[in-house]
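Report on the structure given below.
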Amino acid sequence: KNKMKNYLYLILAVSVIFTSCKKEEGCSDELATNYNIDAEKDDGSCIFSVAGGTWTTQSVVSTGNMTVSMAGLTVLDSAINYTETNPDSLEPYMLIINENGTYMEHDQANVMIEQGTWSSSGNQLTINSPDTTYILTVNSVSKNNLSMSITFNESETEMGMTMSFNLTQTINATREW
């Protein structure tokens, strides 16, 4: 009977040791939206918002087409496929997206050139600038990288000539905290 009791105590002691050694898993990055203060082991589940830090554009990839017609005849039909990486030509160059729903855009000399408000729903980011509202699709966001796209479909007729273009621009940026 004592052997059985000792055996049960041993099993209980071993199970307590092994269960107490297991570390709680979760997101251990304080900058993530799903930060778990109790997580002792990061399980790679961290989710990040576009808000926080300073986003600096690294490239803008433009793809689409442009058509010019006159009197119903196509004069020009051209594909657009271009990647811009020159900092002087990147817009926006630097975005500071604040948690309180405001943003600021800065140029290469760190001079603020615009400010407004923003909101998000799912993967849609709405930027309300002083004169225009932009709706972007957030393709991916991590702690330090952002990819978002915007599509422009416009057509204009002047002096009998119609210019139409369909352009998607993908902005790739890195974040400094």
Side-chain angles (χ1 to χ4, degrees), residues 14-65 80-154 165-177:
V14 168
S15 65
V16 167
I17 289 170
F18 282 114
T19 57
S20 65
C21 289
K22 185 177 181 194
K23 292 183 177 184
E24 180 163 346
E25 293 186 0
C27 176
S28 62
D29 192 320
E30 293 180 14
L31 299 173
T33 59
N34 63 331
Y35 169 63
N36 179 351
I37 195 166
D38 297 324
E40 298 171 302
K41 181 178 179 189
D42 195 293
D43 64 359
S45 67
C46 295
I47 299 169
F48 296 91
S49 168
V50 295
T54 300
W55 292 106
T56 303
T57 301
Q58 302 299 310
S59 68
V60 176
V61 179
S62 300
T63 57
N65 60 35
I80 300 168
N81 190 2
Y82 179 71
T83 301
E84 180 63 69
T85 57
N86 181 350
D88 292 335
S89 301
L90 297 175
E91 190 176 325
Y93 177 69
M94 187 183 305
L95 278 176
I96 299 171
I97 301 176
N98 300 305
E99 296 279 347
N100 68 0
T102 62
Y103 80 91
M104 294 178 289
E105 181 181 349
H106 294 257
D107 65 11
Q108 293 79 4
N110 204 25
V111 174
M112 186 177 68
I113 56 174
E114 184 175 277
Q115 62 184 352
T117 62
W118 70 275
S119 62
S120 67
S121 177
N123 69 339
Q124 183 175 302
L125 175 65
T126 302
I127 302 280
N128 299 301
S129 74
D131 57 355
T132 307
T133 296
Y134 299 100
I135 299 173
L136 298 102
T137 300
V138 176
N139 304 317
S140 64
V141 62
S142 66
K143 182 175 183 176
N144 297 315
N145 294 290
L146 171 67
S147 174
M148 57 186 176
S149 299
I150 187 166
T151 300
F152 301 96
N153 291 304
E154 295 187 19
F165 69 90
N166 177 352
L167 181 68
T168 298
Q169 290 188 310
T170 301
I171 300 163
N172 299 299
T174 57
R175 175 166 31 198
E176 283 187 43
W177 291 96

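Closest non-hydrogen pair, His106 versus Tyr93, comes out as O-CB, 3.8 Å. The heavy-atom pair separating Trp118 from Ile127 by the smallest distance is CB-CD1, 4.0 Å. Residue Gln169 comes nearest to Ser62 through the heavy atom pair NE2-OG, 3.2 Å, listed as atom of the first residue, atom of the second, then distance. The two residues Ser129 and Glu114 make their nearest non-hydrogen contact at CB-OE2, 3.3 Å. Between Ala39 and Cys27, the shortest heavy-atom distance links the atoms CB-O, 4.0 Å. Of all non-hydrogen atoms in Met148 and Leu125, the two that sit nearest each other are SD-CD2, 3.9 Å.
Atom-to-atom distance recorded for Leu136:CG and Leu146:CG is 9.0 Å, nearest 0.5 angstrom. To the nearest 0.5 Å, atoms CG (Asn36) and CG (Asp42) are separated by 10.0 Å. Rounded to the nearest 0.5 Å, atoms OG1 (Thr33) and CZ (Phe48) are 8.0 Å apart.
The only option from Met112, Met94, Glu91, Gln115 that meets the side-chain contact (heavy atoms from CB on, under 4.5 Å) definition with Glu105 turns out to be Glu91. For the side-chain contact (heavy atoms from CB on, under 4.5 Å) test with Thr117, the passing option among Thr126, Thr133, Asn128 is Asn128; the others fail.
Inspection of the Thr137 and Asn123 side chains reveals no N or O donor paired with an N or O acceptor under 3.5 Å. In summary, the side chains of Trp177 and Asn144 do present a donor paired with an acceptor at a separation below 3.5 Å, with no hydrogens or angles considered. For the 3.5 Å distance criterion, the side chains of Thr63 and Asn81 fail to qualify, holding no donor opposite an acceptor. Side-chain N/O atoms of Thr170 and Ser149 include a donor and acceptor closer than 3.5 Å.
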What verdict does the side-chain contact (heavy atoms from CB on, under 4.5 Å) test give for Lys143 and Leu31, after you've listed the backbone C-alpha separation in whole Å, the side-chain angles of each residue and the deciding distance to 0.1 Å?
CA-CA 8 Å; Lys143 182 175 183 176; Leu31 299 173; 3.7 Å; yes
Yes or no on side chain to side chain donor-acceptor pair (under 3.5 Å) for Ser59 and Thr85, after CA distance, side-chain angles and deciding distance?
CA-CA 5 Å; Ser59 68; Thr85 57; over 6 Å; no
Applying side-chain contact (heavy atoms from CB on, under 4.5 Å) to Cys46 and Asn34, what does each step give before you reach the verdict?
CA-CA 6 Å; Cys46 295; Asn34 63 331; 4.2 Å; yes
Begin from the C-alpha positions of Arg175 and Val141 and carry the test side-chain contact (heavy atoms from CB on, under 4.5 Å) through to its verdict.
CA-CA 10 Å; Arg175 175 166 31 198; Val141 62; 4.1 Å; yes
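Residues satisfying the side chain to side chain contact (heavy atoms under 4.5 Å, CB included) criterion with Ser121, sequence neighbours excluded, are absent altogether.
Applying the side-chain hydrogen bond (donor to acceptor under 3.5 Å, both in side chains) test to residues at least two apart or on different chains, the pairs with a partner in residues 47-58 are Gln58-Thr174.
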